Every structure is written in structure tokens, then in C-alpha cells.
Protein chains: 2
Amino acid sequence: MRTKAPRRRTRAKQKRLSPDDRRKEFVVKATEFFSEEGFGGGTRDLARRLGVTQPLLYRYFPSKDDLIKEVYRTVYLEPLDTGWEKLLTDRSRPIRDRLQEFYNAYTNVIFDRKWLRIYLYSGLKGLDINRWYVDMVRDKILSRIIRECRHEAGFPVQSRPSAAELELAWVFHGGIFYYGVRKFIYGSPALEDKEQMISDALDAFLTGYARVFGAASELRLTPMKVVG
Amino acid sequence: MRTKAPRRRTRAKQKRLSPDDRRKEFVVKATEFFSEEGFGGGTRDLARRLGVTQPLLYRYFPSKDDLIKEVYRTVYLEPLDTGWEKLLTDRSRPIRDRLQEFYNAYTNVIFDRKWLRIYLYSGLKGLDINRWYVDMVRDKILSRIIRECRHEAGFPVQSRPSAAELELAWVFHGGIFYYGVRKFIYGSPALEDKEQMISDALDAFLTGYARVFGAASELRLTPMKVVG
DNA sequence: GCGATTGTTTATCGCCTGATTACTAATTAA
DNA sequence: TTAATTAGTAATCAGGCGATAAACAATCGC
């Protein structure tokens, strides 16, 4: 049916990239594609966006699902682990500075439309990788933050953070996370400079932590001090 | 298999409900179905779950999309507007009590697997109804909370809340919201009693608000009654 | 140059999807 | 009882899906 026979017409499409480059290009573009369309997006649409034909995808990935797994891998694992743990535990600096710098850096990574959308999609699918990520945040970030808070307050740090402490840290962390969701997924107008938001949230968290857990006893006491 | 026809072999499936009942049943079950499967879920699977055949859906809804719209409507609009605004602005009670009670009630509604999942799916789709909901939270809940905080602190309340104030309220609100996401979508173990979490988050928010925007001494942050 | 290798496309398969039509049978009114 | 109405089903359509096989064409070793 096509204008096939008469002229040679080398199709402009054919680029014949090296396998490695192709593969990387596929994963990068697939990440953009699936982050917008969801993982229900079709392989034909994806191929069209890539400027190649659909079966070519199957030369590089055995199945759509394998491609998706690679997308998860690059989204979740690649941008992580950039020395954040050391940053958080460097007690030569004030805890507030450390937390501000950490959350500046952390949000520079995750406050990205692609990242956030893929994260939410995978969360809705109930994927293991999502549970792994949540556990990682709890164990590598929040638990550490609480330990630093306890150290700052003169509490014993060898004991595990209490459920209530962890929960308050989660609310703080989740509140910051939700700022990104509002801005980059809901398209809500960003009401303020990101670092200012983090600074204010940090103030609230640190003073709140001191208020809720800063009583003399390590046992959970309801805050009894009535201010003024 | 009713006691109706002795021989006839009436198929057990046929129930012939009244149109109103059927329709309502369809919407309710469709909400459950789509909340789990996402809106990419198939009409045949939905029909199977309903115990009817797939074409019957099209007798009650012109298209799958119309059914989905009805699902949104019942999820978003039905459980809302239960006198929360009055609760928030009742200045005969301490602001902390009001906020605690409000968030207890609010989370009783939205901390529901169905609700949260549909909310997130619709957010990822970028639907108008989602933007409407976010605007509603901002204008009807957060702005009001800030106004009460300002009143409590002796600030002028006629001026609009500043962007920074609104942002701090969003972080607080989003942190609470994210608790529900963690618990009901990610299946993360709920670390603590919900109302205790709200109480602690409230302490952090109110203390933080006072620290960031005003003199802490002028805010009454803790409940009157002292819990042993 | 030439053949071998391999990146890329064309054509297609089987299955599933949303939606429609024509029929069946339960209910209602006379 | 009987005829009209309508809830519900069986059969099916056109199109899209993921995936495969075979044909084509760009590159590389020689």
C-alpha cells in the first residue's frame, strides 16, 4: 500500500544506533512515557514517541513488563544514595542545618514530575519496590533523624525510636512530600519558595518534637506544660 | 432456583432488580472495583464481580466513562460537607480542641482504602474534580484554620493568609493525609493510634506556627484538661 | 568490493477491550 | 389469561493490545 516499489526511498527513520545507546534511550523515554500515561500505556504509542516501530522494543526487552522493571530500577535506585546518611549524622553541624540541607537535596531529586508520578503509580500497584522504598525512608532517613533529635535533646540514642516519634517524623516528611505532589502532579500553584517551606516545616517539626517528647521522662507523657 | 418454577430451569442469575437499586448497586460495586484495579479495569471483570453480564452495564450507563464519572461524584461529593466549617470556627472552644475534633472526623471519612485510591487515581489523571478538591481544602479548611490561628495569636484576621502560612498548613495537612496513604495504600504498619498521631502533629503545627509567625506565648497550644 | 552480522521494519497472530444488536424471560396492567 | 413492557443475556463487531516471525537494510570484518 505504501509508496514502496518505485523509488529506493531510504526511510529517514532508520538510525541504527549502537545497542547500548538505543537501550538507554528507550529506558529514558519509556520513563517519561509511562510517568505520563501510566503503565497501561501502549507499546505502540511508546514506540511512536521513540520514533521507531513497536517490534523493535522487543529486541531490547523480552516483554513490556521487563521494560517497566527497568524503568522502576532507574527511577528508584539511580538517583539515590548520594551521601545523605553521612550528611544527616555529621554532629559537627547544628541539626537544623543538616536537616535543611538534606531536605533541600532530597527534594531536588524527588520533586520531579516523572519521579513522583512513577512513585505514585507503583504505590497504587502495591509493588514490592514501593514497600522497599518506604522501609528505606523509615530506616535510613527518619530513624536517623530521630536519633539525631534524641541526641540533641540529651535522650539515650541507643534505643529504637518510639512509634510516636517515628509517626511525627513521618508526618513531617509526608508533609514535605505532599508539597511536591501538589505542585508537580496536581499542578497547584506553588505558593512559596521550596527552601522556605522546608525551613518553616523544620521549625515546626523540631519545636514540635521538643514539645511532644521533650519532657523529662522518656516515657510518653502527654504534653502538660501550658504555655503562658 | 427460586421456589417459583418447578421444572423450567430458570437460570439462577436472573434477579431483575428495580432500576434504581441496580444502578446504585452498580455504582457502589464499581467504586470498589475501580479503586482496586484502577480505571483501566475491564467492564467484563466488573460485570463478573457484579454477577451480571457485561452488556447490562450499558443499559444503565451510556459508556464506561459515564459510569466512572458517577463513581467520582459519589466518592468526592457524598461524604463531604458535614458541618466541618462551623466546627472549625466555633470560637467558644479552644482552637486545639476544634482542630483535633475536625481532623478526627475528616480522617474518619478519607482514611478509607477506596476513597484514597480513587483520589490518587483521579489526581494522576489530572481531572478537574481533583483540582476542585484541592482548592476546596485550601479555601474551606486551611484558610479557615489559619484565620483561627491568627485570631488566637491576636493578628489581624481580615487579611488573606500569607503564602507561607498557607504552606505550613499544607505541610501539616499533607502530613496527616500521607499517614492514611501509608497505612491504607502502601500497607505500611500503622505505628500508632490515629488520634494520637493527629494530636502530636497538631502540637507541632501550632507550636511551629507560633514560632514561625508570631510570639509563642500568645498561643494556647495545649488542651485545658491535663491527661494523667 | 563481498558476505556475515545484526539493527529495523512489515505483516500478522491471538487475545482482550468497549460497545451494539437481537433475542429471552420476568414483571406489570388489562 | 393475555398482551405489553422491560430487565437481562447471548452473540458479535471493530479496534487495540502484547508479542512473534520473516523480510529488509545498514554496518563491520575481510
Side-chain angles (χ1 to χ4, degrees), chain A residues 1-30 33-34 36-71 121 125, chain B residues 1-30 33-34 36-71 121 125:
Chain A
M1 220 37 166
R2 278 291 203 243
T3 53
K4 185 157 180 200
R7 292 267 87 186
R8 269 308 180 79
R9 278 187 101 271
T10 59
R11 262 168 296 271
K13 290 179 173 182
Q14 297 195 121
K15 289 177 183 173
R16 200 178 174 94
L17 295 185
S18 83
D20 263 18
D21 292 347
R22 261 282 188 253
R23 208 185 146 81
K24 280 174 190 161
E25 187 195 3
F26 280 9
V27 174
V28 169
K29 294 286 186 70
F33 177 76
F34 287 127
E36 288 303 321
E37 307 294 325
F39 294 102
T43 53
R44 281 169 180 80
D45 285 346
L46 169 58
R48 193 174 305 123
R49 188 177 294 204
L50 283 161
V52 299
T53 53
Q54 179 243 7
L56 190 58
L57 294 171
Y58 289 86
R59 176 153 302 259
Y60 291 90
F61 306 95
S63 72
K64 180 185 175 181
D65 224 58
D66 287 271
L67 170 55
I68 287 175
K69 275 175 190 161
E70 198 114 352
V71 167
Y121 275 121
K125 281 220 267 182
Chain B
M1 267 324 187
R2 281 282 199 247
T3 53
K4 184 101 179 261
R7 290 278 86 185
R8 277 300 186 74
R9 281 186 94 264
T10 62
R11 262 174 294 271
K13 290 179 173 182
Q14 297 195 121
K15 287 179 185 174
R16 201 179 172 94
L17 296 185
S18 84
D20 262 19
D21 293 348
R22 261 284 188 250
R23 208 185 146 81
K24 281 172 190 162
E25 187 195 2
F26 280 9
V27 173
V28 169
K29 295 284 187 70
F33 176 76
F34 287 127
E36 288 303 320
E37 306 295 324
F39 294 103
T43 54
R44 279 171 181 77
D45 285 346
L46 170 57
R48 191 174 307 122
R49 188 178 293 206
L50 282 161
V52 299
T53 54
Q54 180 244 8
L56 189 58
L57 294 172
Y58 289 86
R59 175 164 299 263
Y60 292 90
F61 306 95
S63 73
K64 179 184 176 181
D65 224 59
D66 287 273
L67 170 55
I68 288 175
K69 276 175 190 160
E70 199 115 352
V71 167
Y121 275 122
K125 281 220 266 181

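These numbers come from a predicted model, not from an experiment. Heavy atoms only: backbone and side chains are in, while hydrogens, waters and symmetry mates are out.
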Worksheet item: Under 4.0 Å between a side-chain N/O of B/Thr53 and OP1 or OP2 of D/dG8, yes or no?
Response: no

Discussion item. Distance check needed: C/dT17 P versus B/Ile68 CD1, whole Å only.
Written reply: 14 Å

Discussion item. Angle between the end axes of the helix from C/dG1-D/dC30 to C/dA30-D/dT1, five pairs per end, to the nearest 10 degrees?
Written reply: 10°

Item to complete: Please list, chain by chain and in numerical order, all residues satisfying side chain to side chain donor-acceptor pair (under 3.5 Å) with B/Arg23, sequence neighbours excluded.
Response: B/Glu70

Practice prompt. Could you tell me the separation between the OH atom of A/Tyr58 and the C1' atom of C/dT9, rounded to a whole number of Å?
Written response: 16 Å

Practice prompt. Output all residues satisfying side chain to side chain donor-acceptor pair (under 3.5 Å) with A/Arg49, sequence neighbours left out; order by chain, then residue number.
Written response: none

Item to complete: Go through D/dG8, C/dA19, D/dG18 for me and flag the one nearest to the B/Leu56 side chain.
Response: D/dG8

Discussion item. Looking at B/Arg59, I'd like to know whether one of its side-chain N or O atoms comes within less than 4.0 Å of OP1 or OP2 on D/dT9.
Written reply: no

Discussion item. Distance check needed: D/dG8 C1' versus B/Arg23 CZ, whole Å only.
Written reply: 17 Å

Worksheet item: Expressed in angstrom and rounded to an integer, what is the separation of A/Leu46 atom CG from D/dG16 atom C1'?
Response: 16 Å

Worksheet item: Could you state the CG-P distance from A/Leu67 to D/dC17, rounded to the nearest angstrom?
Response: 15 Å

Fill in: Basic-acidic side-chain contact under 4.0 Å: A/Asp45, A/Arg48
yes

Worksheet item: Within less than 4.0 Å of OP1 or OP2 of D/dA7, is there a side-chain N or O belonging to B/Tyr60?
Response: no

Worksheet item: Would you say the base of D/dG18 and the side-chain of A/Arg44 have a donor-acceptor pair closer than 3.5 Å?
Response: yes

Worksheet item: Hey, does the side chain of A/Lys64 reach the backbone of A/Gly42 with a donor-acceptor pair shorter than 3.5 angstrom?
Response: no

Worksheet item: A/Arg22 CZ to C/dG7 P: how many Å, rounded?
Response: 11 Å

Discussion item. Rounded to whole Å, please give me the gap between CD in A/Gln54 and P in D/dA19.
Written reply: 9 Å

Discussion item. Tell me the interatomic distance from A/Leu57, atom CG, to D/dA19, atom P, rounded to whole angstroms.
Written reply: 10 Å

Worksheet item: For A/Gly40, which contact category applies under a 4.0 Å heavy-atom criterion: base, sugar-phosphate, or nothing?
Response: nothing

